[in-house]
Number of protein chains: 2
Amino acid sequence: MNSSHFSISLHILTLLDQVKGQLLNSEYIAGSINCNPVLVRKELANLHKYGFVQSKEGKGGGSTLAKNPADINLGDVYRAVKQKSLLGESKNEPNPDCPVGKQITKHLTDLYDEAETALVKSLSSKTLKDFSAGFK
Amino acid sequence: MNSSHFSISLHILTLLDQVKGQLLNSEYIAGSINCNPVLVRKELANLHKYGFVQSKEGKGGGSTLAKNPADINLGDVYRAVKQKSLLGESKNEPNPDCPVGKQITKHLTDLYDEAETALVKSLSSKTLKDFSAGFK
DNA sequence: TCATACTGTAACTATTTTTATTACAGAACA
DNA sequence: TGTTCTGTAATAAAAATAGTTACAGTATGA
């Protein structure tokens, strides 16, 4: 993965867990992360798409967890959040006239998939509840 | 990790393995990768720093593997090549006045380190020889 | 019912990161 | 001694990421 999507998403989920069902608005969350509220809302939209959070519009609105934190594992969060292949979604197009260039994209993809599976497996051994417990 | 350092380095190493000791110059390698020769030379400089390749300057110069491909494992290549933490080296500084913001960087780092260890372990199960054999 | 305070989303700008280009000194070769 | 490389720096271009502004739509409550 890349950039800070995972960090931001996990930060959001941790905050939501800590306040146990209370609604938090994007400005508050952005204040904790120290980033832009719109970025938080975009990240929340994605977390919502994958069923991790619920949001309430309008005055007094905000977001809350849509699941029990013990049922949210970090591997699933990673998968929901990831947008590119792990080790560099090269839009690079190797030379098709070279025997190595011609095949390497496929071989790299296979290698990355395997490595990423190992990564996700490691993340999956922890739930949001576990992670969040470290803050108490 | 990120960007295409690993992809490029592995592409280089694979090419060098395929030609079995022949010297390849940066322009030829760049032609296979379809990128800039200077980028290849920088990547080679790094691979040299970690003892994977040898280079010869001057006319007729180029690079070759400095080790037996069976002794180069992909986890080591990954470690040599990686420059940032895996899941987003956020230069972001969360709010120190928030209980979550204050501690999350450390918790994320620990989590990433563990996940990355799993990733490297997966990559380490393969050598350059194994990888390169897929092209024959 | 109307002012207020949110979400959701788009459009745009700014910043940062990545990649490419140009340039050139120094090395090896013929 | 001209040619062809590496190594490296400086710069420019391109791409990715994050921030900003703006606003329609929704809920709340006075």
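Naming convention: chains lettered A, B, ... in sequence-line order (proteins, then strands); numbering from 1 in each chain. Being a predicted model, the structure only gives us computed values, none of them experimental.
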Would you say A:Ser26 reaches C:dT7's phosphate, i.e. side-chain N/O to OP1/OP2 under 4.0 Å?
-> yes
Can you check whether B:Ser4 has a side-chain N or O nearer than 4.0 Å to OP1 or OP2 of C:dT19?
-> yes
Nearest whole angstrom, please: distance from the [atom2] of [N] to the [atom1] of [X].
X       : N      : atom1 : atom2 : answer
A:Glu27 : C:dC6  : CD    : P     : 7 Å
B:His5  : C:dT19 : NE2   : P     : 6 Å
B:Asn25 : C:dA27 : CG    : C1'   : 15 Å
A:Glu43 : D:dA18 : CD    : C1'   : 12 Å
B:Ile12 : D:dT6  : CD1   : P     : 11 Å
A:Ile8  : D:dA18 : CD1   : P     : 6 Å
A:Ile29 : C:dC6  : CD1   : P     : 12 Å
A:Ile33 : D:dT17 : CD1   : P     : 17 Å

Which residues within residues 56-69 of chain B lie with some heavy atom under 4.0 Å of an atom in DNA chain C?
-> B:Lys56, B:Glu57, B:Gly58, B:Lys59
Partner residues of [X] under the side-chain contact (heavy atoms from CB on, under 4.5 Å) criterion, sequence neighbours left out:
X        : answer
A:Ala70  : A:Asn68, A:Lys129
A:Ser55  : A:Ser63
A:Pro96  : none
B:Thr109 : B:Thr105, B:Asp113

The ring-ring contact (aromatic ring centres under 6.0 Å, His included) partners of B:Phe52 (sequence neighbours excluded) come to none
A:Thr127 side-chain N/O to A:Asp130 backbone N/O, donor-acceptor pair under 3.5 Å | yes
Take atom OH in B:Tyr28; do more than 12 heavy atoms of anything else shown fall under 6.0 Å from it?
-> no
Expected rows: protein N/O vs nucleotides 20-23 of chain D N/O, under 3.5 Å:
unit_1: D:dT20; atom_1: OP2; unit_2: A:Asn36; atom_2: ND2; d: 3.0

Residue closer to the 5' end of DNA chain D, B:Ala45 versus A:Asn34 (nearest nucleotide) = B:Ala45
Kindly write out the residues that satisfy side-chain hydrogen bond (donor to acceptor under 3.5 Å, both in side chains) with A:Lys106, not counting sequence neighbours, or none if the list is empty.
-> A:Asp110
Listed partners of A:Gln22 passing side-chain hydrogen bond (donor to acceptor under 3.5 Å, both in side chains), at least two apart | none
